[in-house]
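Everything on this sheet refers to the single structure shown next.
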Amino acid sequence: MSNKTRSILRAIAVVIVLLAVLMDLHIILIPAIAVYKFWMVVAAFGIMLISSK
C-alpha cells in the first residue's frame, strides 16, 4: 500500500470520527445516520488499523 493511499484512508477515518463527535455534540444533525454513530467509529478504527504499517 502506498503512502498516498495510507494518507487518504487516515483522512477518511478522521473525518468519520469527527462527524460522529459533532453529531454527538448536536452540532450536526443527520437523522438517517444518527443511530450508526458507534459503528461509524468502529469502522474508522478499522480503517486506521488497515492503514497502519
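One-based numbering along the sequence shown.
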Could you state whether [X] and [Y] fall into the same hydrophobic cluster, counting links through intermediate Ile, Leu, Val, Met, Phe, Trp or Tyr residues with side-chain heavy atoms under 4.5 angstrom apart?
X     : Y     : answer
Val35 : Trp39 : no
Phe38 : Ile16 : no
Leu9  : Leu18 : yes

Would you check if Ile33 and Ile30 make a side-chain contact, meaning some heavy-atom pair closer than 4.5 Å?
yes

Any non-hydrogen side-chain atom of Met23 less than 4.5 Å from a side-chain atom of Leu29?
no

From the list Val14, Leu19, Val21, side-chain contact (heavy atoms from CB on, under 4.5 Å) partner of Val17 resolves to Val21

Give every donor-acceptor pair under 3.5 Å between a side-chain atom in residues 41-52 and any protein atom, sequence neighbours left out.
unit_1: Ser51; atom_1: OG; unit_2: Ile47; atom_2: O; d: 3.2
unit_1: Ser51; atom_1: OG; unit_2: Met48; atom_2: O; d: 3.2
unit_1: Ser52; atom_1: OG; unit_2: Leu49; atom_2: O; d: 2.9

To the nearest 0.5 angstrom, please state how far the OG atom of Ser7 sits from the CD1 atom of Ile12.
11.0 Å

Residues pairing under salt bridge (charged side-chain N to carboxylate O under 4.0 Å, His left out) where one sits in residues 36-52, two or more places apart or in two chains, turn out to be Asp24-Lys37

